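Note that the structure is a prediction, hence the values are computed from the model and not measured.
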Amino acid sequence: MTNPPASQFTVRPETPGDIDAIHALTAAAFGQVDEAELVDALRASGNGIEGLSFVGVLDGEVIAHAMLSRCFVGEVPGVCLAPCSVWPEQQRTGAGTGVIEALLTEAARRGEGFAVVLGHAEYYPRFGFTPASGFGITLYVDVPDEALMAMPLAGEVPAGALVFAPEFGV
C-alpha cells in the first residue's frame, strides 16, 4: 500500500491560460464580479504590470492570485497591491501569503521603489506595510488611516498625493 502523493503548492507568474481561472477565483473570493472585472481591466489597459501578476497553484489548480498595478505618489511611480484573492475554501492556509511575498520580492528585484495597499489593517502588516500617513502619503478620498498602507521595496517611500490606476475609480 502506498501513501497518496503530497499536495504541491507553487507560486509563479500568471500565464494567458490562467486568465479564466483568475477571473473565477477572484469573483468567488469577493462574492461578486467587481474585483474580477478590475483585474481584467488592469491587465487590458497595461496598468497591471507585465510579469507582476502571480498565481498560487495547488495540485494543478489556480487557488490564489495577486497583482501589482502602477500607481504614483506625486510624480514618483510605485506599485499598488490589489486585488488579492484566494478560493474561499483555501483561505487561511498560507496560499495568499505565499503569493504576496513572492510578488513583492519580484517587484523589489525589478527595482520598484515602493508598494501601497488599501486593505485590512490586520493582514498586510505581516508583509512590512505600515500606515501610509506615516510616510506623508495622502489620498483625495476619505479612507480609514489604518487601511491605507505603504512599504519600501527597492527604494524610498515618497511623500505626497497617491493616485491609483484609473481602473480603480478612486
Side-chain angles (χ1 to χ4, degrees), residues 9-58 61-71 77-110 112-132 137 139 141 143-153 157 162-170:
F9 179 75
T10 57
V11 176
R12 61 170 171 74
E14 75 171 37
T15 66
D18 297 326
I19 291 173
D20 290 343
I22 292 167
H23 187 94
L25 113 80
T26 305
F30 285 94
Q32 62 181 16
V33 299
D34 294 2
E35 287 81 4
E37 290 175 351
L38 173 60
V39 169
D40 295 340
L42 287 165
R43 190 184 294 115
S45 72
N47 284 323
I49 302 168
E50 181 79 26
L52 290 179
S53 181
F54 278 24
V55 293
V57 180
L58 180 66
E61 297 294 319
V62 173
I63 65 158
H65 172 255
M67 74 183 309
L68 293 171
S69 61
R70 182 61 61 212
C71 68
V79 293
C80 172
L81 175 62
C84 304
S85 308
V86 177
W87 273 110
E89 61 272 16
Q90 297 291 340
Q91 291 175 0
R92 301 192 185 338
T93 64
T97 296
V99 172
I100 292 168
E101 286 176 346
L103 187 58
L104 292 172
T105 297
E106 177 62 12
R109 188 193 70 75
R110 289 179 172 211
E112 294 290 347
F114 67 94
V116 297
V117 66
L118 182 57
H120 296 287
E122 304 81 41
Y123 183 72
Y124 291 99
R126 73 182 69 183
F127 305 105
F129 285 99
T130 60
I137 293 176
L139 189 61
V141 294
V143 298
D145 186 64
E146 67 276 4
L148 182 62
M149 294 166 268
M151 66 179 285
L153 292 173
V157 179
L162 173 62
V163 178
F164 291 106
E167 290 80 7
F168 284 96
V170 292

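His23 has its side chain out of reach of Val39: every pair of non-hydrogen atoms, C-beta onward, lies at least 4.5 Å apart. With contacts defined as side-chain heavy-atom distances shorter than 4.5 Å, the pair Phe168/Leu118 does not qualify. Here the side chains of Tyr123 and Ile100 are in contact, with some heavy-atom distance below 4.5 Å. Contact of the Thr130 side chain with the Met151 side chain is not registered, since no non-hydrogen atoms from C-beta on lie closer than 4.5 Å.
The CD atom of Gln90 sits 5.5 Å away from atom CG of Leu58, with the distance rounded to the nearest 0.5 Å. Considering CG of Leu25 and CH2 of Trp87, their distance stands at 6.0 Å, rounded to 0.5 Å. To the nearest 0.5 Å, atom CZ of residue Phe164 and atom CG of residue Leu139 are 5.5 Å apart.
With a 6.0 Å radius and a threshold of 12 heavy atoms from other residues, nucleotides or ligands, Arg126 has its CZ atom above the threshold. Residue Glu89 qualifies as enclosed at atom CD: its count of foreign heavy atoms under 6.0 Å is above 12. In this structure, Glu61 places its CD atom where only 12 or fewer heavy-atom neighbours from other residues, nucleotides or ligands lie under 6.0 Å away.
Glu167 and Arg43 are not joined by a salt bridge, as no carboxylate oxygen comes within less than 4.0 angstrom of a charged side-chain nitrogen.
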Going through the checks in order, is the side-chain contact (heavy atoms from CB on, under 4.5 Å) test met by Glu146 and Glu122? CA-CA 9 Å; Glu146 67 276 4; Glu122 304 81 41; over 6 Å; no
